Each structure stands twice: as C-alpha cells, then as structure tokens.
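Since the structure comes first, as structure tokens, the remarks are kept for the end.
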Amino acid sequence: MNIPESKEFDRRQFLKGGSLAALMALMGGVELTFAQEKKEAEAAKATDEDESDSINFGVIGLGVWGKEIISTLGRLKGAQITMICDKYPASLKRAGNMLPKAKQVADYKQILDDKEIQAVIIATPTHLHKEIVLAALQAGKHVYCEAPLANTVEDSRAIALAARANPKSYFQAGLQNRSDPQRAFLIQFIRAGAMGRNIKARTQWHKKTSWRFTSPNPDREQELNWRLQPEVSAGLMGETAIHHLDAATWFLNAKPRSVVGFGSLIQWTDGRSVHDTVQTMLEFPGSVRLNSEVCLANSFDADYEIYYGTDSAIMVRDNKAWMFKEVDSPLLGWEVYARKDTFFSETGIALMANATKQIAHGNVGPGGTNLFTPLYYALEAFVHNVGEVSSGVEDFTSTFVNADTKALADHVAKIVKLPAAGYKEGYEATLIALKANEAVNKGSRIEINKELFSL
Amino acid sequence: MKNALNTRQLVSRLALFLALSVSTSYAESVRYDAEPGSKVKIEGTSTVHDWTVEGQIIGGFMEVDSSFKLDPGLKSITVNPKVQAAVPVRSLKSGKKRMDEVMREAMKEKTHAKIDYQLLSLKVKEAPTTSGGPTSLDAIGTLTIAGVTKTNFMPVIMEMSGKSLKVTGKTKLKMTDFGIKPPAPELAMGLIKTGDDITISFEWLTTPAAVK
C-alpha cells in the first residue's frame, strides 16, 4: 500500500508522548528507551509464550504507522505476525527486515485467503480501508482498522454496518486512547463530578511539519502524499484531530450538534490546496463548546487537551493529566497528598491511574509517565479480545448448532473484553472528524443531525 | 466367500432391526436441546478473598418420555430421562486474565476441555402445584471434571419458562476429589491459596428439538 516511508511526519505521533524525552532530560531522569522496553518485553515473551496458543496476524499497509504497529504487536504475548503486505516493494522489504519470518505479499487478498491468519490490521491510506475491511470481514477475519475508518461518511458507515453484521469477527477501530488505562481512570474521575459542570474544552496539535513526503519516483510521491490530495484527504481534522475529537466526545459524554470551521494555507504554499492550519468550534448540548485546532506552521506548546469545569480544569498531555482546582471548589481530600507540578503560576495536581500499583509493576518511568504507549494498550486489547471472541464463538457455535446470528451476537456482546473502540466509536469519531473537515473546507457551519449517529 | 456374504447380510439385517427399534423408541421420547441463555457459576474461597467464575454456555440435551409433562401428576418423570450436559472450561471467566489462565491450567483444559454431566436417575421430591410450575427433584448423575468422573447427588428444580424447560441446581464439590490441586498462584499481591471447597450453580435452558 502507498504509505509514507519517511519519518518526517507521523499523524499519530502526538499520542506517543513526543515530549517525554525532553521532559525527562530536564528532570535529570534516565529515559527508558524503546530498546530497553522492547528487550524486557521480548524476554517475557520468550519465557511465557506457547506458540500453539498464539494468534496469527497479518498486517496490511507498512508505512510509518504500519511499522510502528509491527514493532508493538511483535512484543505482545500471544501474537505472531505471520504475513505482511504492502504493494510498494521497498516498504515491504523494510518491514520484512523487522520480521524475517513473516511472509511478504503485495496483494492483501493473499492474506485473506490464508486460513492460518485469524486477524488483520489495516493501516493503509484511509480511502483504501473500506474495500479491505469488507473483504476481510467476508473472509471471516478479525479486523483492526486504523482511524479514521474512511474518508467519507458513507464508507465509514458501510464499514461499521459490516462489522455489526459479522459478530463472529471482532472489530476494533484504531482509536487507541480508548484502551489507555490512564484515560479510563480519568473518565471515572470526570464522571464522578470532580470537574463540576462542563463549561468548555480545547484541544490543539501544533507541529511545524510539511505533511509532505518525498520520493525520487513521481508516481510514488503522488501515492505517498494522499493526505495532500483534496479528493481523498480527510484533512487535518480527519487525519490528526480525530483522536482529540474522540477523546472530547467521550469525556464530555455528549455528541456535537454542529461544527464551524476555518482553514488557511500560510506556511506550506507548495501547490497544495489542503490547509496547513485549521480551527474548529464544535457545539455540544447545553452551550458547551469544543475548540479544536491543528497547525502545521507553528510548533508552540505541541499537543494537549484541556477540559474546563465549574470546579476545576483538567489538562491531558502525552500519557499524563493534571487537575487545576478553583479556589472555591470542594476539597476532595486525596489531592493534599498527590504529586503537584507547577505550570507558570498554576499548580497542577497530577492524576494518574493506580499510581502505586503501576509503580509496583514497573510500568512507570521517571516523572510518573506510563511506559507503555496507548498503541501498546490498544493492540494488547486487540490480541486479547480476538482470543476471547474466537474461543467464545467456537464454543457457542459448536454447542448451539441451530442458533441464529442474533443469539450469537448477544453471546459475543456478553464476552468480557479489554476496553477498546469498536465499530460504533470508530464510526462516530470518523463522522465528527469528517464533518469538521467539511466545515473547514467550506468555511461555514455544518449541522450534524442526530440521525447521522445511528447505525 | 459365501459365508462372508451371509455374515454381511446378517449384520445388515441386524443393523436394520436395531435402527428400526431405536427409531421406535425415539418416537416415544421428546428431546430438548440446550439453547443459548444459560448461566453457570463457580464460587470459591481463597486466603485473600472469595472468587467467582461465570459462564454463559451449557450444551447438551435431555430426552424424556413423550408423556412427560410438568403437570402436578408427574407420573412420567419416573421414566428416567436421558440427560447429558457439558460446559466448555474456557468459557468460564473470572474477569481477570491471569486468574482464568490459572483456572484453565488447574482444570487441565488442554486435555479436558469440558465439564461433563450425565444423569443416572431422577426422583420427584415435591410435585408442582400448577402445571409447568417449579418441581423439586433429586438428581443422581456422574460429573466429570479434569478427566475425573465422580457420582454426584444434586437437588434440582425444573420448570417451564415459555417454551423452554429450565433446570436450576447447585452442588458443592471439592477440587481434590477431581484430582485438582487448589491453585496457589504467585501473583503481585503475594501468595494466594485457594480453598478446596467450591460451589457450582447453574441455570440451564433447553428447548424442544425441531421435529425431524
């Protein structure tokens, strides 16, 4: 598949805690590097793993993100990547170097035809997802589809409906925040009312980067830069801000009714028409608004989310979060003992899931940062849930030979799974992101009808 | 050669006779097949806290005399029904991945994937007051866990639930009776020792098999 091979830009890099190294350097801490983490995980994998119990995976689309997926999935217990696919030979070869045992194929259909492969991960350009997802579900594979699900609402809906119609296949959308234990902890905290009433929210993603990849081959360059082709690109809102939009609708526990957007092209005037700076305002019920921005022309303050409530504001940054309390807010008690960080003249109370447990498990690096990325947790959930759904479906169908699809779907819904974004979350986030992109492109207000959310 | 043919003919006639007699006896019985919606629960103790595992699958069937009805008379119930039930071990979940692994290992799931039950006899303890209402019975059967078969005595209640025949029951067991050493896994909290005594309770739904 035509995935960028340059490391210059990674649309989901903001989720991986880009400023972690800098923060640790400032604190004089030793950064626990990927290599160290990988070594430990690999040692654990080698001792624990029984290959006969492993699930065989195929990874389709081997660009920057596809390779990130391979290196993360490769460290997980219970997962074997036995096939990889990319139609661009150089990308296939590079990924193949990471996985010498995996079979390399240029056509994804070869993966779907292989009976030994139980699950596929689709990390191709967005507009190519639909065809592959539908074929994979048809072939009875479990599917992990990167976000956004598609570049049109229709395609995204088709994917979600196909996932729903195939309860034997476990479907997960690549909204990795949904699997992050830190986020799950924050949700409980927010739902318990620690913020007071919602007032507004703000998200930003700033990085000075061209969003363009270079290649000596003009055709390849065209393929690589699908994000800059207005006819297929979901724009900065669709490709980058979708994770923020998903997090915000989750935390605010509401769906936007409309979105106003503005886009400009200021820095990267290289003949493109896709904006390099976008600002959107999403309106939620109860006069709560979310301001979501993405800028490729200035990197100041990188990326974060802030949720403002009547009692406190919560800032989420990398894998961490802080609460900033109002003076008149009620005393919660525990915050007296919590770690605090100073941001200019404000004091942030660090919020961390199972802080003592995480430290005991060795999951926490200097500065209290969780060592594992949201992608790690998302893929861990995928591997686990595929196993649970596979065995659950097998037990069910062999026990109840005449049961219908609905009974099977009910049974699958009851299977306890690790938290992850399903087809519904994937569809809703994609819908909101695409509507935001439409608002930016039109420079106007776009209504998001309630009916659009129902599948 | 001739003798061999004769023997074969004899065998085939015998088979035909057997098939006919079996089908005759089938015609006189009603079969209820397991349907989705059942529940099974195992409760146990440990040095740290009590634990529970739950499952949603109980397979199997029940074959009863065609005159069998859950009416106040309940005469037909004395004609012992044929009952077989099975629970896939891996369908039992604690909600904790590690504990599930410990349980599957203790129950030797790789070689004994199912908990099997086979009924030997059934006696009415208390007849229902209304037709199809709850009936208390005493069941004697064999229970096979981790490959070890033991005779089991268990009070059960049968009742009609819509079209379905629902059987509920509860039985206390000892892990060691089935050759299972109570797991004592080394977890993050330190050493946890599970108690030998466990209670299995279930709610089994069966539905009349489609007439063939």
Side-chain angles (χ1 to χ4, degrees), chain A residues 44 47-55 76-79 167-168 179 181 354 356-364 377 380-420, chain B residues 31-41 52-61 84-105 109-111 113-117 163-164 185-190 202-212:
Chain A
T47 51
D48 293 351
E49 197 157 330
D50 178 354
E51 285 200 10
S52 63
D53 282 347
S54 281
I55 295 159
L76 283 165
K77 197 183 153 192
K168 283 186 185 177
S179 302
N354 298 321
T356 45
K357 206 167 153 191
Q358 297 283 1
I359 291 161
H361 285 187
N363 292 347
V364 179
Y377 291 114
E380 184 186 43
F382 187 59
V383 173
H384 177 79
N385 295 348
V386 161
E388 291 296 292
V389 171
S390 293
S391 60
V393 166
E394 216 175 280
D395 288 339
F396 185 90
T397 50
S398 63
T399 305
F400 310 113
V401 186
N402 299 320
D404 56 14
T405 311
K406 195 195 166 290
L408 176 68
D410 289 347
H411 177 70
V412 171
K414 276 190 222 150
I415 295 173
V416 180
K417 304 174 196 80
L418 287 178
Chain B
R31 186 181 158 110
Y32 285 83
D33 279 330
E35 64 171 323
S38 294
K39 283 175 203 151
V40 57
K41 189 156 119 183
T52 306
V53 294
E54 285 175 299
Q56 318 283 344
I57 296 178
I58 308 177
F61 65 90
Q84 271 179 25
V87 174
V89 171
R90 66 179 179 183
S91 72
L92 297 168
K93 304 285 177 190
S94 65
K96 285 177 187 143
K97 199 177 154 192
R98 179 74 187 118
M99 187 174 154
D100 290 350
E101 285 167 5
V102 169
M103 184 194 68
R104 285 200 296 269
E105 207 184 309
E109 192 262 339
K110 282 199 176 156
T111 45
K114 283 178 178 172
I115 296 174
D116 284 303
Y117 180 85
K163 261 191 172 179
S164 306
E186 271 184 60
L187 298 175
M189 304 284 287
F202 64 88
E203 194 180 299
W204 188 33
L205 289 179
T206 61
T207 190
V211 183
K212 281 163 199 164

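Residue numbers start from 1 in every chain, and the chains themselves are labelled A, B, ... in the order their sequence lines are given, proteins ahead of strands. Everything quoted here is computed from the prediction, not taken from an experiment.
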Within 6.0 angstrom of A:K168 NZ, more than 12 heavy atoms from elsewhere: no
How many angstroms lie between CG in A:N402 and CD in B:E35, if you round to the nearest 0.5 Å? 11.5 Å
Can you tell me how far apart NZ (B:K114) and OG (A:S398) are? Round to the nearest 0.5 Å. 5.5 Å
If we only count heavy atoms from C-beta on, is the A:F400 to B:I57 side-chain gap below 4.5 Å? yes
Going by salt bridge (Lys or Arg N to Asp or Glu O under 4.0 Å), name the pairs with one or both residues in residues 408-419 of chain A, residues two or more places apart or in two chains. A:K406-A:D410
Region of B:E101 that comes under 4.5 Å of a non-hydrogen atom in chain A: side chain
Work out which heavy atom in A:T399 is nearest to a heavy atom in B:G59; give both atom names and the distance. CG2-CA, 3.0 Å
One thing to verify: whether A:E394 and B:R90 come together as a salt bridge, which I'm taking to mean a side-chain N less than 4.0 angstrom from a carboxylate O. yes
